[in-house]
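Notes follow the structure.
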Amino acid sequence: MIQLENIHRYFQVGEQSVHALNDITIAINKGEYVSVMGPSGSGKSTLLNVIALLDKPSSGRYLLNKLDVTQRTDDELAKVRRENIGFVFQFFHVIPRLTAAENIEMPMILAGIEVKERKQRVAQALASVNLQDRASHRPDQLSGGQLQRVAIARAMIMQPEILLADEPTGNLDSKSGMEIIELLEGLNQQGVTLMIITHDQTVGNRALRKIRIVDGQIAK
Amino acid sequence: MFIKDTLTQAYGAIRAQRLRAALIILAMSIGVASVTVLTALGESARSYIVNEFEALGTHLVIVLPGRSETTGGHPPLFGETPRDLTLDDADALFRSHHIAAIAPLTIGSAPVSAQGLERETNIFGSTHALRRVRHLTMAQGSFLPEMDVDKAMPVCVIGQTIREELFVDQPALGQWLRINDRRFRVVGVLASEGQSIGVDFDEMVIIPVASAQALFDTHSLFRILIETKSKESMYKAIDEIKSIIKARHEGEDDITIITQDSVVSTFDKILTALTLTVVSIAGISLVVAGVLVMNVMLVSVTQRTAEVGLLKALGATKRQLHWLFLTEAAMLSLAGALLGVLLGQVTIATLEAVYPDFPIQSPGWALLAALGVSLFTGLVFGVLPARKAAQLDPVAALSKR
Ligand SMILES: Nc1ncnc2c1ncn2[C@@H]1O[C@H](COP(=O)(O)OP(=O)(O)O)[C@@H](O)[C@H]1O
Ligand SMILES: [Mg+2]
């Protein structure tokens with residue numbers, strides 16, 4: 001379902017050009033569980049951002065569900081992203097003034113879903129990440145692990161087929177990190193295509209398919 | 001995204017930064033308040049003066065001797081008058097069909113006395129038509145009787161101040177009043193006019209025009225006051241007056257005609273311009289408020305970079321982000337505008353309490369305009385920050401924690 005063909009991504013930093021992705025070609029099938037590992041600065045995040053349609057490759061072709069998404073406008077991409085891709089970040093990225101429930105609701109607000117359905121789905125989502133009793137808590141009243149669970153519930157609220165996680169355990173202690181990984185794996189078992197970037201060997205090794213990136217290239 | 005959700009989200013963002021919101025609202029409200037108060041003051045001054053003039057009659061035409069070169073219509077105060085206006089001139093004007101009443105006017109100043117009390121005052125020589133033309137009301141008795149204009153009759157009508165000063169507590173009606181060395185019987189007392197633009201009728205003694213001409217030993221008229229049959233017939237009347245007098249003055253166009261209309265519209269124009277000037281100055285404060293809105297919104301966008309990036313990652317389109325931030329700016333401006341209108345009304349009410357004589361009314365259009373302008377400013381100055389938010393690169397935005 002995800003097909004990258006000869007993807008390059010350059011960053012211009014002053015005079016210098018950084019080659020963050022160097023001729024990446026991969027195909028990821030529906031329902032796969034993939035881990036991405038590699039040294040810091042090797043291009044992992046850039047790869048995930050390209051897949052998430054947050055970043056555009058400098059060259060190459062990207063087919064998502066057999067549709068070419070390289071030549072789309074920002075707003076078209078926003079819509080594709082909203083419906084197909086969930087994203088979990090290392091730093092949670094929840095909106096501090098909104099409660100857990102409101103944060104989870106946000107993608108549905110942007111998608112224009114009716115209030116009644118939103119409330120139902122938020123309640124279900126909270127239950128599925130085991131945060132029923134934290135619905136009206138604000139981010140500053142929640143622990144890191146809880147915040148990441150809010151972020152996962154938010155990523156899954158539009159029922160995307162793809163879930164991308166950029167070092168989701170990077171800011172968590174090992175116990176809550178493990179809980180998060182188990183939660184993500186549970187979603188994968190329900191058929192969601194899961195891609196996790198991690199520094200942690202033990203986390204990375206749990207995936208069936210392991211991709212290693214060095215200097216913007218896929219290492220064999 | 002539903003409009004209601006946009007509003008809720010924008011409101012939430014405002015509530016999260018109360019100090020910022022308070023500052024913007026304060027600035028905006030001061031701008032709006034000053035605009036509404038100043039418009040109300042200017043507008044009230046204008047309508048006060050225009051009303052005063054209109055109370056004198058809107059189809060009043062004043063003929064005075066001498067040609068004024070300026071076209072603005074102010075009477076020449078000094079200088080030789082080439083040819084006098086006479087009672088015969090006034091009489092001849094009756095040939096025009098558009099004229100309803102003619103009051104010839106001679107004025108002078110003379111000592112008046114009664115029962116041993118004396119003072120110097122203004123004397124008006126005119127006819128019974130003066131009452132109609134100047135809309136005078138009687139407190140007691142009657143006005144000058146209808147009679148031939150060239151007949152000198154020893155009767156007079158006096159103003160309230162004259163009555164108080166010369167007759168004190170005694171009834172004035174039927175009493176004799178001495179002007180210079182002539183005696184006039186008081187047939188009427190004018191009702192007090194209050195403060196009025198132009199002539200103070202309270203200090204006036206009105207006698208028949210022929211008597212006044214004899215008293216001041218003159219044959220010329222100070223001016224002729226004419227009421228036309230309607231406002232529409234005024235211009236025809238003016239043309240006819242000109243041609244009648246011209247024919248009588250050997251073809252010379254040596255009179256000046258002032259219409260109440262031209263005076264009113266001149267004042268109207270001046271005061272409207274004044275109001276607009278003052279209001280534009282106040283409008284600057286609205287622009288300043290707008291710049292503040294922009295500034296604060298820009299800071300807000302910068303502070304919320306990560307949030308904007310996140311919203312983009314969650315599938316927000318540029319349009320949605322645009323509207324979110326614009327709505328925020330609009331809400332703040334609108335709140336400021338409403339508070340400003342309230343503040344303005346309170347100020348106006350206070351002014352009304354302090355100066356009860358000066359009727360202040362704030363015109364409805366000014367309120368709407370102030371609201372509209374502030375909303376417009378808010379939106380205009382909100383566009384830049386909103387654009388900035390919509391253009392943010394999500395990856396870069398998210399990399400900021
Ligand atoms: N926005 C950017 N501008 C310039 N250089 C960037 C930008 N994003 C990433 N890079 C560079 O691209 C390379 C890959 O970065 P990244 O994908 O974040 O690495 P990783 O996530 O594997 O640590 C790094 O050298 C980084 O400095
Ligand atoms: Mg990274």
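To find a chain, count down the sequence lines: A is the first, B the second, and so on, and within it residues start at 1. Keep in mind that the numbers below use all heavy atoms, side chains included, and drop hydrogens, waters and symmetry copies. Nothing here was measured: the structure is a model prediction, and the numbers come from that model.
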Notebook entry, point to check: So, A:Arg97 side chain and B:Ile14 main chain: donor-acceptor pair closer than 3.5 Å or not?
Noted result: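 Pair absent, no side-chain N/O of A:Arg97 close to backbone of B:Ile14.
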
Next item on the list: Output yes when a side-chain donor or acceptor of A:His93 lies under 3.5 Å from a complementary backbone atom of B:Leu398, and no otherwise.
Entry: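 Here the side-chain-to-backbone pair exists.
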
Checklist line | Working for side-chain contact (heavy atoms from CB on, under 4.5 Å), residues B:Asp5 and A:Met108 | finding: CA-CA 11 Å; B:Asp5 288 322; A:Met108 293 191 289; over 6 Å; no

How about [X]: does its [atom1] atom have over 12 heavy atoms from other parts shown lying under 6.0 Å from it?
X        : atom1 : result
A:Phe11  : CZ    : yes
A:Gln16  : CD    : no
B:Ile3   : CD1   : no
B:Arg387 : CZ    : no

Next item on the list: Heavy atoms only, distances under 4.5 angstrom: which of A:Met158, A:Glu83, A:Arg118 has the most pairs with chain B? Name it, please.
Entry: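 Most pairs with chain B among the choices: A:Arg118.
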
Can you tell me which portion of [X] sits under 4.5 Å from chain B's heavy atoms? Options are side chain, backbone, both or neither.
X        : answer
A:Ile113 : backbone
A:Asp75  : both
A:Glu114 : both

Check: For chain A, which of B:Thr6, B:Leu324, B:Leu310 has the most heavy-atom pairs under 4.5 Å?
Finding: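 Most pairs with chain A among the choices: B:Leu310.
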
Next item on the list: Among the options B:Arg319, B:Gln9, B:Lys4, pick out the one with the most heavy-atom pairs lying under 4.5 Å from chain A.
Entry: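 Going by pairs under 4.5 Å, I would pick B:Gln9.
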
Hey, what do you get for [atom1] ([X]) to [atom2] ([Y]), rounding to the nearest 0.5 Å?
X        : Y        : atom1 : atom2 : value
A:Ile109 : B:Gln320 : CD1   : CD    : 10.5 Å
B:Ser399 : A:Phe89  : OG    : CZ    : 11.0 Å
B:Met1   : A:Leu110 : CE    : CG    : 5.5 Å

Next item on the list: Assess whether side-chain contact (heavy atoms from CB on, under 4.5 Å) is satisfied between A:Arg82 and B:Leu314, documenting all intermediate values.
Entry: CA-CA 6 Å; A:Arg82 184 156 76 204; B:Leu314 296 180; over 6 Å; no

Notebook entry, point to check: Can B:Lys318 and A:Asp74 be counted as an ion pair, charged N to O under 4.0 angstrom?
Noted result: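 Looking at B:Lys318 and A:Asp74, the cut-off is met.
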
Item checked: Basic-acidic side-chain contact under 4.0 Å: A:Lys56, B:Asp393 ->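 No, this pair does not count.
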
Item checked: B:Arg304 versus chain A, the contacting section by heavy-atom distance below 4.5 Å ->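 Answer is side chain: those atoms of B:Arg304 sit under 4.5 Å from chain A.
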
Note to self: What part of B:Leu311 gets within 4.5 angstrom of chain A, counting heavy atoms only: side chain, backbone, both, or neither?
What the structure shows: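 Backbone plus side chain of B:Leu311, per the 4.5 Å heavy-atom cut-off to chain A.
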
Next item on the list: Could you pull out the closest heavy-atom pair between B:Thr317 and A:Ala78, with the gap in Å?
Entry: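 It is CG2-CB, 4.0 Å.
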
Margin query: Using the rule side chain to side chain contact (heavy atoms under 4.5 Å, CB included), only one of A:Asn49, A:Leu53, A:Leu54 pairs with B:Pro394; which is it?
Written below: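 That would be A:Leu54; it is the only one of A:Asn49, A:Leu53, A:Leu54 passing the side chain to side chain contact (heavy atoms under 4.5 Å, CB included) with B:Pro394.
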
